[in-house]
J.: 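Take this structure, written in structure tokens, and hold onto it; I'll ask about it next.
Note that the structure is a prediction, hence the values are computed from the model and not measured. Below, chains carry the letters A, B, ... as their sequence lines are ordered, and counting in each starts from 1.
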Number of protein chains: 2
Amino acid sequence: MRTFPVCPSFNVIEANIGRVAERMRGAPVRDIVLVRLIKHLSVQISVHLNRMVRPAGLSEVGFRTLMMLYANASAGVFASQLSEAAGETRTNMTRICDDLARKGLLRRRAGTRDRRRVVLEISRKGVTLVERLLPRMWTQLDMALRVLNAREKLELERLLKNLALALDGLGPST
Amino acid sequence: MRTFPVCPSFNVIEANIGRVAERMRGAPVRDIVLVRLIKHLSVQISVHLNRMVRPAGLSEVGFRTLMMLYANASAGVFASQLSEAAGETRTNMTRICDDLARKGLLRRRAGTRDRRRVVLEISRKGVTLVERLLPRMWTQLDMALRVLNAREKLELERLLKNLALALDGLGPST
DNA sequence: TCGCGATGATTGAAAACTGAACTATCGCGA
DNA sequence: TCGCGATAGTTCAGTTTTCAATCATCGCGA
């Protein structure tokens with residue numbers, strides 16, 4: 001099977017996967033490589049994002065949350081929706097919002113229709129911060145993803161979404 | 001821009017990214033979607049793997065570590081190599097190996113040539129466990145990735161590796 | 001209208017992970 | 001051979017994340 005040139009940080013991992021296959025026949029090597037690649041990339045991305053927002057006193061998760069609030073600035077969002085949008089557990093979202101609220105970046109208020117719900121709204125200060133950080137993040141992101149052309153990006157998105165769909169379906173059954 | 005059908009769990013996220021773009025022109029929407037997709041997939045995969053190895057009393061990280069040890073069963077591995085292969089920090093690897101050692105799945109011994117190093121070796125019990133679990137994992141993995149054909153998998157691997165390479169390069173500079 | 005199971009959010013305890021010291025050892029040059 | 005910066009691994013303290021229990025509120029049916 002042909003392999004591709006790859007970053008040093010992943011070479012070690014791939015070498016080890018190959019060694020597993022040598023010992024135990026039938027290993028779906030390419031599949032394992034894919035899974036590990038996704039994890040590896042996820043970590044790399046997190047590290048980069050963290051490094052970018054740290055100077056502003058935020059964590060990557062905090063920033064992601066704030067951005068989701070920014071997206072819904074006009075109406076505000078319920079906490080549960082927000083946790084879904086940011087991809088965090090509800091418990092964790094509570095803590096993250098605690099932190100953001102302490103920093104004055106968001107406001108919490110009880111829902112009017114349903115007082116169990118909590119409406120979260122980004123503050124003026126939060127908007128300012130997001131709008132200050134976003135352009136820099138976008139530039140970085142654009143630079144990093146320049147290695148792929150438009151067609152490749154589209155194809156990558158398609159493939160990853162197929163994968164996400166498959167994993168979703170696999171979930172509750174097994 | 002055309003979008004693809006996608007799992008419900010990611011729909012919310014994508015909708016929110018779209019809303020950010022409405023508010024702030026110039027957002028590289030497709031790029032952001034890609035990054036969030038990768039993170040989303042990484043989490044999904046972790047959940048699935050965890051669910052599979054939990055009954056054996058292992059965490060996903062523990063199993064991944066054990067598998068890397070299995071790959072190098074003949075010679076054993078130094079702890080630092082292992083942490084690199086498993087994609088964990090050295091600190092965390094110490095803790096994980098503590099756990100695996102307590103369960104009798106690996107042996108630790110001082111290196112002979114260099115006594116600072118610690119040689120890690122999978123135990124008989126560890127080998128048995130890995131060989132019991134692997135086939136089930138591979139079956140699951142195979143099922144999940146059946147949504148992609150061979151050509152698509154190869155293309156996905158190529159694209160992801162390109163991305164990994166780009167992020168690697170971006171690292172120390174900015 | 002009164003209950004009561006269901007739901008949204010929070011809290012507390014525990015687990016997982018990380019960064020910064022610290023310890024022991026190494027290899028190299030004076 | 002001695003000393004000393006570098007390296008491997010661990011420990012400790014702090015952060016982040018999760019699970020399970022809890023609180024408050026809702027909506028629905030008797």
J.: Tell me yes or no: between the side chains of B:Glu88 and B:Ser83, is some donor less than 3.5 Å from an acceptor?
T.: no

J.: Only pairs with both distances under 3.5 Å count, Watson-Crick or wobble alike; so what is the partner of D:dT25 in this structure?
T.: C:dA6

J.: Looking only at the side chains, is there a donor atom on one of B:Arg95 and B:Asn92 sitting less than 3.5 Å from an acceptor on the other?
T.: yes

J.: What contact category does B:Thr94 fall into here, base, sugar-phosphate, or nothing, at under 4.0 angstrom with non-hydrogen atoms?
T.: base

J.: Can any side-chain N or O of B:Glu131 pair as donor or acceptor with the backbone N or O of B:Thr128 at less than 3.5 Å?
T.: no

J.: Tell me which nucleotide, if any, is Watson-Crick or G-U wobble paired with C:dA30 when both distances must be under 3.5 Å.
T.: D:dT1

J.: Within the side chain of A:Thr139, is there an N or O that forms a donor-acceptor pair under 3.5 Å with the backbone of A:Pro135?
T.: yes

J.: If you restrict it to nitrogen or oxygen atoms, what contacts under 3.5 Å exist between nucleotides 19-21 of chain C and the protein, and what is each distance?
T.:
unit_1	atom_1	unit_2	atom_2	d
C:dA20	N6	B:Thr91	OG1	3.4

J.: Is A:Trp138 close to B:Ile32 at the side-chain level, that is, under 4.5 Å between some pair of heavy atoms?
T.: yes

J.: Can you measure A:Asn92 atom CG to C:dA14 atom C1' for me and round it to whole angstrom units?
T.: 15 Å

J.: When you compare the side chain of A:Arg146 with that of A:Asp142, does any pair of heavy atoms fall below 4.5 Å?
T.: yes

J.: Once you round it to whole Å, what is the distance between C1' of C:dT18 and CD1 of B:Ile96?
T.: 12 Å

J.: Taking heavy atoms of chain A and a 4.0 Å limit, find me the 5'-most and 3'-most nucleotide of DNA chain D within that range.
T.: D:dT17 to D:dC26

J.: Side chains of A:Val127 and A:Leu105: closer than 4.5 Å at any heavy-atom pair?
T.: no

J.: Near DNA chain D, which residues from residues 99-122 of chain A have a heavy atom under 4.0 Å away?
T.: A:Asp114, A:Arg115, A:Arg116

J.: Just one of A:Arg19, A:Arg36, A:Arg30 clears the salt bridge (charged side-chain N to carboxylate O under 4.0 Å, His left out) bar with A:Glu14, so which one?
T.: A:Arg30

J.: Does any non-hydrogen side-chain atom of B:Val53 lie less than 4.5 Å from one of B:Met137?
T.: yes

